[in-house]
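Chain naming here is simple, since letters A, B, ... match the order of the sequence lines and numbering starts at 1 in each.
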Amino acid sequence: MAAGFVPKILVLATERCAYPGADAVGKAHQEYGSNVYVFRVPSPVLFPEDFYLGSFARGIDGILIAACGSDCPYRGAYDRLAKRIDALTARMRRGGLEIERIRITAICTVCIKAYLKEVDEMNAKLLKVGPVNRAKARLLQEQAREELRSSAAAVAA
Amino acid sequence: MNDKTASGSGPANSSAEPLRIGVYICRCGGNISDVVDVERVAEVCRHLPGVVTSNVHTFMCSDPGQKNISEDIRNEKLNRVVVASCSPFLHELTFRGAVQRGGLNPYLYEHANIREQCSWSHKHDPQGATAKAIRLIAAAVGKLRYAEPLDQIRLPNQRQALVVGGGVAGMKAAADLAGRGIPVLLVEQSERLGGQVNRWNRVFPTEQPAAELLGALRKQVEGHPRIEILLRSRVTKISGFIGNFQVTVEGQIGPAGRRTEVAVTVGALVMATGFLPYAPRDGEYAYHQHPAVLTTPEFLELLRHAPDAATLQFQGRPVRSIAFIHCVGSRQVEGVQEPQADGKINNYCSRVCCTTVLQQALTVRQRFPETEVYDLHQDIRTYGRGHEDYYIQASQAGVIFFRYHGDEIPTVALRTDAPAGAPPLRLTFKDYLTWGEELTLEVDMVVLAVGMTAGTCQSLVEQLKLPCGEDRFLQEIHPKLRPVEISVNGVLLAGAVQGPMNIRETLAAAGAAAVKAAAILAKEQVELNPYVAQVDADLCEGTGQCVEQCEYDGALRLVQVVNGDGKARQRAEVNPGLCVGCGACVAVCPARAINLNGWRLDQYEAMVDGLVAEAPALVAATA
Ligand SMILES: Cc1cc2nc3c(=O)[nH]c(=O)nc-3n(C[C@H](O)[C@H](O)[C@H](O)COP(=O)(O)OP(=O)(O)OC[C@H]3O[C@@H](n4cnc5c(N)ncnc54)[C@H](O)[C@@H]3O)c2cc1C
Ligand code: SF4
Ligand code: SF4
């Protein structure tokens with residue numbers, strides 16, 4: 001593994017729960033790595049598999065999906081999301097991309113400890129597995145995208 | 001409205017003019033700049049693609065800070081704006097406003113959170129924090145490349161209000177709404193208005209008779225030409241959204257209990273369904289094991305009917321001593337108290353019971369001078385104006401205080417061996433006003449100061465998907481900034497439905513809820529935020545995979561459209577009034593034809609590009 005490797009971690013944080021949770025960590029002046037970047041999302045259910053793989057292909061080393069869990073304000077969204085992440089990890093495993101790079105968890109608006117634990121663990125895991133293989137990720141991204149595209153034909157037929 | 005045209009993929013600068021982005025970096029006093037090298041951030045960001053100005057300001061949210069934005073938009077012809085400052089939850093709306101005042105569509109704005117999620121959480125890593133701030137801004141700039149001007153969704157407003165619950169909160173909200181010219185339907189499930197306050201005698205801190213207070217409020221609503229009151233009625237069905245809630249109220253009219261159903265459409269609704277006093281379990285402090293163990297509401301009932309005398313009488317026997325126990329059903333400690341039915345304990349303070357106890361204790365000492373009063377508390381929390389006087393007066397009137405710890409709660413036992421006429425109840429506890437000494441008291445009566453628990457609005461909570469806190473009360477959007485609003489637009493919170501409150505706080509909350517509801521209903525149309533799904537008609541192949549994912553009736557459907565060539569084909573269509581913006585549809589579209597406005601997939605991809613860009617790319621000067 002490359003010396004001095006600092007992984008890039010993307011946190012997809014739900015607007016209702018995890019994003020305010022990440023704010024709460026800052027408000028409490030608790031520290032974590034500055035290699036962790038939080039994006040606010042209504043619900044991560046909106047991302048197709050190829051978005052995650054595309055992010056890896058762009059050089060993101062790990063993605064933490066910080067959802068609302070059972071507090072999800074949207075009907076059925078959490079189950080659909082969980083299923084998608086299952087499919088994604090299966091694809092990553094098949095394609096030889098370390099599944100440690102992706103993790104789904106629930107973070108609430110005051111879950112300071114849980115947030116810190118999750119990002120620290122992700123950091124530790126990524127230091128072990130090293131930088132993402134972007135070429136592999138790119139292949140898998142294209143594969144996932146193609147499958148989705150051709151699902152239209154399957155429906156139309 | 002359903003056919004807002006999307007400009008699809010590609011740098012969606014709809015007018016196709018070149019990007020002119022302004023970046024504003026806030027010092028937040030020193031909250032940000034003590035850690036992040038803001039000058040350097042501004043310098044690097046000046047070279048991001050499309051950025052024409054990049055500045056540092058001490059307080060972006062101040063008037064001069066905001067003016068900077070609006071003036072630059074005019075002078076520098078900016079067409080996109082990024083502010084890097086505190087959390088978007090604090091000032092995103094502020095800066096959208098500034099952008100709008102500058103004459104730009106408010107959705108051509110992005111917020112980068114470099115305080116809560118940067119300077120405050122990387123205090124000991126100033127270099128890392130500075131680099132992160134740059135990347136977060138680069139991500140925001142990337143997102144703006146694909147931003148489109150958005151319009152708030154406008155829908156006709158049903159300009160009347162529903163108030164659910166006719167306690168003091170409901171009456172106050174109804175009166176204030178009607179006073180602003182708004183027709184109100186007030187639905188109360190019991191046979192009378194007034195709620196829990198009907199059960200109190202004189203209310204602290206004014207000592208006004210409760211009946212008098214309720215009479216004054218009732219006068220404001222009963223017979224008001226704009227208020228319709230439905231008693232013995234409940235809301236059975238509710239659906240829709242701000243400006244347009246469809247409500248079914250089921251009621252029983254007349255003693256025969258004939259059922260009636262009323263259907264109404266309202267633009268806003270006020271939840272004023274109040275609370276329930278905590279109901280102790282059988283055996284909790286010997287409750288229901290001995291008749292002389294009462295709750296505070298039961299004790300008030302006893303006081304109401306008891307004639308003044310040297311000693312209080314109960315069931316034909318003199319009550320020579322009473323022990324009040326505070327915090328029953330409140331401030332419970334995990335592992336010490338048995339959990340409630342839902343497995344949680346009530347760890348919150350109910351806020352009203354301390355003053356209630358002191359008021360009742362004082363009343364006893366005044367009206368029944370030979371009845372001794374003991375007070376067992378964890379703390380005394382007489383937090384309102386005038387409440388502390390009860391404590392002082394109760395002390396002066398000879399009430400004897402003891403202090404127990406929450407993890408060593410008192411026990412109440414029946415004295416089966418007590419001789420006839422002797423006190424039937426024995427309390428054992430450790431008193432921390434005397435350094436933890438174990439004490440026993442033998443008393444004729446125990447009064448449990450029960451707390452406030454969440455009320456009876458489960459059906460509405462489920463139908464409207466209203467969020468509740470850990471304590472089961474309805475949860476506001478923000479305890480300080482938006483205290484009477486809840487995350488479902490058009491629903492306002494009034495009073496104890498939201499958590500323990502006394503009457504004064506309840507009425508203040510109800511007044512605020514009424515103002516908020518009136519503001520919604522003042523408009524001919526309601527404006528909804530535009531973060532809903534939108535279909536790009538050119539890309540949509542009409543396969544309907546998205547429709548299968550949508551959980552919200554009527555939000556997304558397939559419609560037949562006729563092409564220029566006269567051929568009919570299908571395509572997806574969103575009803576922006578019903579779409580909640582969850583995005584479930586987005587992930588499955590094979591053609592990427594459906595997206596969430598404001599949160600488009602291509603925007604997220606551009607954000608990732610911004611994050612990962614290496615330093616040379618970060619300083620590349622071209623778009
Ligand atoms: C023992 C005790 C003593 C107190 N004494 C004082 C005091 O002296 N001074 C003081 O300032 N405060 C006092 N309080 C607090 C006071 O009772 C509350 O502040 C007040 O009752 C809150 O009013 P509300 O209208 O929000 O709720 P509530 O009084 O609970 O009224 C809610 C109303 O909504 C109705 N309702 C509920 N669900 C539905 C539904 N689904 N559909 C239709 N209707 C529904 C109920 O029937 C009720 O009429 C005391 C509290 C306790 C527990
Ligand atoms: S108000 Fe007093 S009695 Fe009630 S829960 Fe709080 S501390 Fe306990
Ligand atoms: S965003 Fe959610 S509610 Fe809206 S159309 Fe898509 S699936 Fe339905």
Side-chain angles (χ1 to χ4, degrees), chain A residues 6 8 10-13 15-16 19-20 22-51 54-55 57-60 71-77 80-81 84 108 110 116 145 147-156, chain B residues 86-90 111 113 115-125 127-133 135-136 139 143 465 467 470 487-488 531 541-545 549-552 580-592 595-596 598-599 601 604-605 607-609 611-612 614:
Chain A
V6 180
K8 286 199 182 69
L10 176 59
V11 181
L12 300 172
E15 191 170 31
R16 188 76 70 86
Y19 193 92
D23 277 354
V25 176
K27 282 185 210 155
H29 295 267
Q30 299 286 312
E31 300 196 29
Y32 55 94
S34 59
N35 60 333
V36 176
Y37 305 89
V38 182
F39 284 178
R40 185 161 51 126
V41 296
S43 161
V45 75
L46 78 89
F47 298 115
E49 275 184 61
D50 64 83
F51 171 79
S55 302
R58 288 170 162 81
I60 297 287
D71 290 342
C72 175
Y74 304 115
R75 233 176 270 160
R80 289 180 202 283
L81 169 65
R84 179 156 314 120
C108 72
V110 294
L116 290 169
R145 182 84 193 88
E147 263 172 42
L148 186 56
R149 225 181 258 131
S150 54
S151 69
V155 172
Chain B
C86 50
S87 169
F89 285 106
L90 285 164
H111 200 97
N113 181 345
R115 192 180 74 177
E116 280 79 349
Q117 295 183 10
C118 192
S119 65
W120 280 355
S121 35
H122 313 304
K123 197 162 259 171
H124 293 96
D125 179 12
Q127 269 189 340
T130 303
K132 175 170 172 177
R135 291 189 190 281
L136 289 176
K143 188 176 181 197
K465 300 251 173 308
E470 270 293 294
S487 59
V488 178
Y531 304 130
E541 295 169 10
T543 55
Q545 281 138 292
Q549 300 290 310
C550 183
E551 295 267 353
Y552 293 86
V580 299
C582 66
C585 50
V586 174
V588 301
C589 177
R592 289 227 174 161
N595 256 301
L596 279 189
W599 309 102
L601 271 179
Y604 278 111
E605 284 166 349
M607 288 172 80
V608 174
D609 283 332
L611 277 194
V612 298
E614 286 311 324

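- Note: A:Ser55 leads A:Ala77, A:Ser55, A:Ala24 in heavy-atom pairs under 4.5 Å with chain B.
- Nearest heavy-atom pair across A:Gly76 and B:Glu551 is CA-OE2, 3.9 Å.
- With respect to chain A, the highest number of heavy-atom pairs below 4.5 Å among B:Leu601, B:Leu611, B:Leu596 belongs to B:Leu611.
- Interface remark: B:Val588 contributes backbone and side-chain atoms alike to the contact with chain A (heavy atom separation under 4.5 Å).
- Contacts between A:Arg149 and chain B at a heavy-atom distance below 4.5 Å involve backbone atoms as well as side-chain atoms.
- Of the residues considered (B:Gly542, B:Ala129, B:Gly544, B:Gly581), B:Gly581 shows the highest number of contacts with chain A, using heavy-atom pairs under 4.5 Å.
- Ring geometry, B:Tyr531 versus B:Trp599: the interplanar angle falls from 30° to 60°, so the pair is classed tilted.
- Proximity to chain A (any heavy atom under 4.5 Å) is shown, for B:Gln127, by neither the backbone nor the side chain.
- To the nearest 0.5 Å, atoms SG (B:Cys550) and OH (A:Tyr74) are separated by 12.5 Å.
- In this structure, A:Arg75 contributes its side chain and B:Tyr552 its backbone to no donor-acceptor pair below 3.5 Å.
- B:Ser87 places no side-chain N or O within 3.5 Å of a backbone atom of B:Asn113 that could act as its donor or acceptor partner.
- B:Val608 places a side-chain heavy atom less than 4.5 Å from the side chain of A:Phe51.
- For the pair B:His122 (side chain) and A:Glu31 (backbone), a donor-acceptor distance under 3.5 Å is absent.
- In this structure a side-chain-to-backbone donor-acceptor pair under 3.5 Å is missing from B:Asp125 to A:Gly33.
- Neither the backbone nor the side chain of A:Asn35 comes within contact range of chain B; no heavy atoms are under 4.5 Å apart.
- With a threshold of 4.5 angstrom between heavy atoms, A:Val41 approaches chain B through its backbone and through its side chain.
- For A:Glu147, no part sits under 4.5 Å from any heavy atom of chain B, backbone or side chain.
- A:Phe39 is not listed as a side-chain neighbour of B:Lys143, based on a closest heavy-atom distance of 4.5 Å or more.
- In this structure, no portion of A:Pro44 lies under 4.5 Å from any heavy atom of chain B.
- Note: B:Pro88 leads B:Ala131, B:Cys86, B:Ala591, B:Pro88 in heavy-atom pairs under 4.5 Å with chain A.
- Here A:Arg40 is the residue among A:Lys27, A:Arg145, A:Arg40 with the most heavy-atom pairs under 4.5 Å with chain B.
- Heavy atoms of A:Lys8 lying under 4.5 Å from chain B belong exclusively to its side chain.
- Counting heavy-atom pairs under 4.5 Å between each of B:Cys582, B:Gly583, B:Gly128 and chain A puts B:Cys582 at the top.
- Listed for the A:Arg80 side chain is no donor-acceptor partner under 3.5 Å among the backbone atoms of B:Ala584.
- Contacts between B:Glu541 and chain A at a heavy-atom distance below 4.5 Å involve the side chain alone, from C-beta outward.
- Side-chain contact between B:Leu90 and B:His111: absent, with no pair of heavy atoms (C-beta onward) separated by less than 4.5 Å.
- Only the side chain of B:Ala139 comes within contact range of chain A, with at least one heavy atom under 4.5 Å from a heavy atom of that chain.
- Interface remark: A:Ile60 contributes backbone and side-chain atoms alike to the contact with chain B (heavy atom separation under 4.5 Å).
- Contacts between B:Cys589 and chain A at a heavy-atom distance below 4.5 Å involve the backbone alone (N, CA, C, O).
- Looking at A:Tyr32 and A:Val25, their side chains come closer than 4.5 Å, going by heavy atoms from C-beta outward.
- In this structure, the portions of B:Gln117 lying under 4.5 Å from any heavy atom of chain A include both its backbone and its side chain.
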